Every structure is written in C-alpha cells, then in structure tokens.
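One structure is given below, encoded as structure tokens.
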Amino acid sequence: DARVTQTPRHKVTEMGQEVTMRCQPILGHNTVFWYRQTMMQGLELLAYFRNRAPLDDSGMPKDRFSAEMPDATLATLKIQPSEPRDSAVYFCASGLVGAQPQHFGDGTRLSIL
Amino acid sequence: AQSVTQLDSQVPVFEEAPVELRCNYSSSVSVYLFWYVQYPNQGLQLLLKYLSGSTLVKGINGFEAEFNKSQTSFHLRKPSVHISDTAEYFCAVSGDTGGFKTIFGAGTRLFVKA
C-alpha cells in the first residue's frame, strides 16, 4: 500500500530554533497539502501545492513559515524562528488533482519549549 | 465559498447501538463530499466519498452516508458500532472552484462504550 511518509514523527526543540518537517508524497500524486492540527483550532490548511507550484498558502504565517517542493518526491515545511504557539501536529497529505480524496501521513508532533 | 458544519462535537454511544454523525455543507457549485476517520496518533483515513451517482454511499468498516442535496447534508451512519470505532470523524467538502481545495469540518469524536 502506497503511503505518505513524514519525518520526523516527533520533534522537541527550544523556541527560536529552526524546524524542518519533510514529506514524501505518494508517487504519481500531483497535489500536496500541509495541515496543522491543534485542540483549539482543529485542522487548518497551511499550504497547497499542485505540480510543485504553490497554489494557496494563505493559511500560513508568512513571517516565520515557509513551504517548498524542491522536487516531486519531497515537500518541506520550515519554521524559523519557532515559537511555543507553533506546538501542534503537522500533517502532510497528497492526492490527484480534481475531486479525489487526500492521503494523509501520520504527522509530525512538534513541541516548542 | 464552501463550508462544512459538523453538528456534534462528541457522540457517546453504547457498543452495538446505531450511530449517526451529522454533517451539513454549503457550496455554490457542484460538491464532492468525504468522510475521514482519525485514530489516535495517526493521520486521517478516507472512510467514504460521494462524487456523483447514487446518493447512498458505502464505505469501509460498515459505514455509509447519504447525500441529500435539498438538505445540504451528508450524514454518516453505522447500524451497529464496535469499541474499535472510537475515533474522530471529519466531514469534508471539495468543489470545482478554489482548485479543488478541501474544506474540513471541526470533527466529531465518537466514543463507543462497552
């Protein structure tokens, strides 16, 4: 079964540090999504790529967050500098363009101390 | 603009009882509807989807949902739940506009009691 792979699964770091989260989408999928999940806000869309080009990153704090797809097999989400309020579970999902479901990774659980 | 409302944040139910998780959506264009399930420490998994055709959609684990265009609803049902169905359930809508961006509801936590 093809899966979306996210690394690391857990990350604990101190505020001010740079955090990089990685995602390997399912081979052949041309859309990639980054979500953040917290108890208070639920599931929030941060960024959305199609064919490696960013389509929508309106949900992402631009001053500290950045998302890229250096190639079709890798998506990255960076936070610099990190803050305690960034503590959350970050999910990557991939899919095919159109009315198709998304396939989620197991997430990166991020704790900023 | 599209939106999704899950009417119950938590639903407690006894094992082997039926359950319905409610979902209403709003959209000005053709919609595609999904239910996902999230188990602890995991990502979301697709339960079922409605793209077109029959309004009654069957999914995995014995779940089904009915698309009701006049009521703008897509409620999820299971005739007899198991302890293992305890999880968070998300309703989601996608459409032809916005690049098929998917909008998720806030989630409903189903808690199955013995």
Side-chain angles (χ1 to χ4, degrees), chain A residues 1-10 21 23-26 29-60 88-110, chain B residues 1-10 23 25 27 29-53 57-60 63 65 67 74 76 87-109:
Chain A
D1 240 2
R3 295 175 60 87
V4 174
T5 303
Q6 289 187 247
T7 56
R9 289 295 316 277
H10 303 273
M21 292 169 272
C23 168
Q24 182 176 2
I26 291 173
H29 282 186
N30 56 4
T31 59
V32 172
F33 306 82
W34 281 105
Y35 294 91
R36 176 170 62 186
Q37 187 177 40
T38 61
M39 290 291 291
M40 294 300 294
Q41 300 297 328
L43 197 63
E44 304 172 273
L45 178 66
L46 297 176
Y48 166 25
F49 289 79
R50 181 188 295 174
N51 296 324
R52 295 176 54 203
L55 273 197
D56 185 351
D57 61 1
S58 58
M60 202 164 65
V89 182
Y90 290 81
F91 287 105
C92 173
S94 72
L96 294 169
V97 70
Q100 298 298 327
Q102 297 173 27
H103 298 254
F104 282 74
D106 285 333
T108 294
R109 185 172 297 274
L110 178 64
Chain B
Q2 297 170 320
S3 67
V4 177
T5 302
Q6 291 185 242
L7 296 158
D8 306 292
S9 58
Q10 295 186 68
C23 172
Y25 68 91
S27 176
V29 296
S30 298
V31 293
Y32 310 102
L33 296 157
F34 308 87
W35 275 98
Y36 290 82
V37 60
Q38 184 180 29
Y39 299 103
N41 300 315
Q42 294 185 25
L44 281 67
Q45 303 171 35
L46 181 70
L47 264 183
L48 48 80
K49 62 185 177 184
Y50 171 79
L51 303 182
S52 65
V57 179
K58 293 191 183 298
I60 62 171
F63 284 93
F67 171 57
F74 191 55
L76 181 70
E88 185 114 22
Y89 292 79
F90 292 89
C91 181
V93 62
S94 177
D96 292 341
T97 60
F100 291 98
K101 187 167 70 174
T102 301
I103 307 299
F104 286 86
T108 296
R109 180 163 296 278

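Quick caveat: nothing in here was measured; it's all calculated off a predicted structure. Residue numbers start from 1 in every chain, and the chains themselves are labelled A, B, ... in the order their sequence lines are given, proteins ahead of strands.
Between B:Phe34 and A:Gln102, every side-chain heavy-atom pair lies at or beyond the 4.5 Å cut-off. With a 4.5 Å cut-off on side-chain heavy atoms, B:Gln38 and A:Phe91 count as touching.
Looking at B:Leu44, the atoms closer than 4.5 Å to chain A (heavy atoms on both sides) sit in the backbone and in the side chain alike.
Heavy-atom minimum distance, B:Asn41 versus A:Arg109: OD1-NH2, 3.1 Å.
Atoms CZ and CD, on B:Phe90 and A:Gln37 in that order, are 5.0 Å from each other to the nearest 0.5 Å. B:Phe104 contributes atom CZ, which lies 4.0 Å from atom OH of A:Tyr35 (distance to the nearest 0.5 angstrom). Here the CG-CD1 distance, from A:Leu45 to B:Ile103, works out to 7.5 Å after rounding to the nearest 0.5 Å.
For A:Arg3, the CZ atom is loosely surrounded, since the number of other residues' heavy atoms within 6.0 Å does not exceed 12.
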